[in-house]
K.L.:
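Have a look at this one before I ask anything.
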Amino acid sequence: MSEFDEKTRVTAVVPAPSVHRRGSDCLVVIYTKDQSLLGKRFVLEQSPIRVGRGGDNHIILEGDSVSRRHAHWERRGEAWWIVDDGSTNGTYVNDELIARQHCLQNGDRIKIGGIIFKYLSGEDVESQYHEEIYRMTIIDGLVQIYNKRFLFEALEREITRARRHARDLTVVMFDIDFFKRINDRFGHLAGDYVLKELAKVVQSRVRRDEIFARYGGEEFSLVLPETSLQGAWTLCESIRERVAQYRFVFQGEHIPVTISMGIAILQDSDRMAPDVIARADEKLYEAKRTGRNKVCVLGPHPRRSLPT
């Protein structure tokens, strides 16, 4: 081989390692009465990040239940912690009052006053954020059940299906008796607690094919496919009794809670979802006018040969 001959060297081609870029951890407002704040994202870029009513906080929240310096988020290594700064009404994570501090996990819900943040972290935080924004369009941020928008969309589909197959479809409207008194006597945080606990109690009695949604304020709705008035009344009586017997205890105080319920079945005259909801709502208000903590239906009382 001459000195001009070239030598061939075989080199294994190793693909460049893929670089996983971690997005910035963030907080998303998933529940608030201030609609301009709903869905807002706060990127966790510095530590600490303080929250409260005072103007010197990084995140300023309005409301009597928020302290001037309520809490702060701080980074420790790779983890973010929420630390309560001696607030009057406390800081909650996933509905539990924290003693002083809590290490956050992806998806944790942090409640400060009447506002709920959701903590998002991980490799694909941008995708999680957009998924959460979509979820907010169908899920109520406080009680974590379907919202009014989803209720109407789902009920329209069920009406079409019920008519196509000539099957019953029953709608229930109910709300909490004297809810304003609960807020006035025990405070709005206690009112929020009652709404969340009530949703849990009712959810435990709802089947997979039934729709349970928050209609607004303290009013809720159930859509019961293939259910007669008799069947709906039996379910509602069971729920009403369970709520009345349930011990709602907030910060050591027992809060008596009852509900009133109205039931209507789909009729030929019902053109759209609001029609059957309106008739169920009429029976709800009849229940409230005639004593509360009761179930009213269209037609004869179920114990007296209610038509099925």
Side-chain angles (χ1 to χ4, degrees), residues 30-31 35 38-39 130-176 195 198-240 242-243 259-288 295-302 305-308:
I30 64 170
Y31 179 79
Q35 291 301 306
L38 190 64
H130 290 292
E131 181 180 330
E132 189 60 37
I133 293 299
Y134 167 71
R135 191 171 181 274
M136 286 168 54
T137 67
I138 63 171
I139 299 293
D140 183 90
L142 178 66
V143 297
Q144 295 295 298
I145 60 173
Y146 290 123
N147 60 18
K148 184 176 180 179
R149 171 179 173 173
F150 182 87
L151 168 69
F152 274 82
E153 291 175 355
L155 182 52
E156 292 290 356
R157 291 194 297 269
E158 290 299 333
I159 288 173
T160 300
R161 195 166 70 91
R163 285 181 170 150
R164 180 185 302 128
H165 300 289
R167 293 172 179 168
D168 287 335
L169 176 65
T170 310
V171 172
V172 180
M173 298 295 291
F174 67 95
D175 72 6
I176 301 171
L195 290 170
L198 172 66
K200 292 176 185 177
V201 172
V202 177
Q203 188 75 63
S204 67
R205 291 288 288 114
V206 175
R207 298 179 302 185
R208 181 177 298 180
D209 61 335
E210 297 169 343
I211 299 159
F212 176 36
R214 185 182 181 190
Y215 191 78
E218 70 272 25
E219 193 168 8
F220 297 82
S221 182
L222 284 167
V223 178
L224 309 175
E226 301 183 29
T227 304
S228 65
L229 283 178
Q230 176 69 61
W233 183 85
T234 301
L235 172 65
C236 287
E237 272 295 308
S238 169
I239 291 173
R240 184 196 62 76
R242 183 171 294 198
V243 170
I259 58 175
S260 298
M261 312 183 79
I263 307 173
I265 197 165
L266 181 67
Q267 297 180 351
D268 292 340
S269 58
D270 296 323
R271 295 184 177 183
M272 300 177 69
D275 298 329
V276 64
I277 285 177
R279 291 191 297 102
D281 223 24
E282 288 176 9
K283 303 311 291 184
L284 161 62
Y285 283 99
E286 179 182 319
K288 297 179 82 66
V295 180
C296 284
V297 299
L298 283 170
H301 193 281
S305 67
L306 178 72
T308 58

K.L.:
CD of Gln267: more than 12 outside heavy atoms within 6.0 angstrom?
P.N.:
yes
K.L.:
In chain order, what residues pass the side-chain hydrogen bond (donor to acceptor under 3.5 Å, both in side chains) check against Lys148, with sequence neighbours excluded?
P.N.:
none
K.L.:
Apply side-chain hydrogen bond (donor to acceptor under 3.5 Å, both in side chains) to Ser204 and list each qualifying residue two or more places apart in sequence or on a separate chain.
P.N.:
Arg242
K.L.:
List the atom of Ile145, the atom of Ala199, and the distance in Å for their closest heavy-atom pair.
P.N.:
CG2-CB, 4.3 Å
K.L.:
Any donor and acceptor pair, going by atom type alone, linking the side chain of Arg163 with main-chain N or O of Ala166 inside 3.5 Å?
P.N.:
no
K.L.:
How far apart are the closest heavy atoms of Lys283 and Cys296, and which atoms are they?
P.N.:
O-CB, 3.4 Å
K.L.:
Using a 4.5 Å cut-off on heavy atoms from C-beta on, say whether the side chain of Leu224 contacts that of Glu210.
P.N.:
yes
K.L.:
Is there side-chain contact between Met261 and Leu235, with at least one heavy-atom pair below 4.5 Å?
P.N.:
no
K.L.:
Rounded to the nearest 0.5 Å, what's the gap from CG on Leu151 to CG on Leu222? Could you check?
P.N.:
9.5 Å
K.L.:
To the nearest 0.5 Å, how far apart are CD1 in Ile265 and CD in Gln230?
P.N.:
11.0 Å
K.L.:
Which residues pass the ring-ring contact (aromatic ring centres under 6.0 Å, His included) test with Phe174, not counting sequence neighbours?
P.N.:
Phe220
K.L.:
To the closest 0.5 Å, what do you measure between CZ (Arg240) and CH2 (Trp233)?
P.N.:
8.5 Å
K.L.:
Please find the pair of heavy atoms, one from Leu155 and one from Ala273, that lie closest to each other, and give the distance.
P.N.:
CD2-CB, 3.5 Å
K.L.:
Run the side-chain contact (heavy atoms from CB on, under 4.5 Å) test on Asp175 and Lys288 for me, step by step, so that the C-alpha distance in whole Å, both residues' side-chain angles and the decisive distance to 0.1 Å come before the verdict.
P.N.:
CA-CA 9 Å; Asp175 72 6; Lys288 297 179 82 66; 2.8 Å; yes
K.L.:
State, to 0.1 Å, how close Asp275 and Ser269 come at their nearest heavy-atom pair, and which atoms those are.
P.N.:
OD2-O, 4.5 Å
K.L.:
How long is the gap from CZ on Arg135 to CD1 on Ile30, to the nearest 0.5 Å?
P.N.:
7.0 Å
K.L.:
Which one of Thr170, Ile259, Ile263 satisfies the side-chain contact (heavy atoms from CB on, under 4.5 Å) criterion with Cys236?
P.N.:
Ile263
K.L.:
Taking the side chain as every heavy atom from C-beta outward, state whether Ile176 and Leu195 have any pair of such atoms under 4.5 Å apart.
P.N.:
yes
K.L.:
Any pair with a residue in residues 261-271 that passes salt bridge (charged side-chain N to carboxylate O under 4.0 Å, His left out), sequence neighbours left out, goes on the list, sorted by first then second residue, please.
P.N.:
Asp270-Arg279
K.L.:
In Å and rounded to the nearest 0.5 Å, what is the CG to OG1 distance from Asn147 to Thr137?
P.N.:
7.0 Å
K.L.:
Give a yes or no answer on whether the side chain of Thr227 reaches the backbone of Pro225 with a donor-acceptor pair at less than 3.5 Å.
P.N.:
yes
K.L.:
Salt-bridged, Glu153 to Arg149, with N to O below 4.0 Å?
P.N.:
yes
K.L.:
What pair of heavy atoms forms the shortest contact from Glu219 to Leu284, and how long is it?
P.N.:
OE2-CD2, 3.3 Å
K.L.:
Minimum heavy-atom separation for Ala287 and Ser260, please, with both atom names.
P.N.:
CB-CB, 4.0 Å
K.L.:
What pairs with Glu226 under side-chain hydrogen bond (donor to acceptor under 3.5 Å, both in side chains), at least two apart in sequence or on another chain?
P.N.:
Arg167
K.L.:
Would you say Leu266 and Val171 make side-chain contact, with heavy atoms under 4.5 Å?
P.N.:
no
K.L.:
Determine which pairs satisfy ring pair (Phe, Tyr, Trp, His ring centres under 6.0 Å) with at least one residue from residues 139-173, sequence neighbours left out, and list them in order.
P.N.:
Tyr146-Phe150
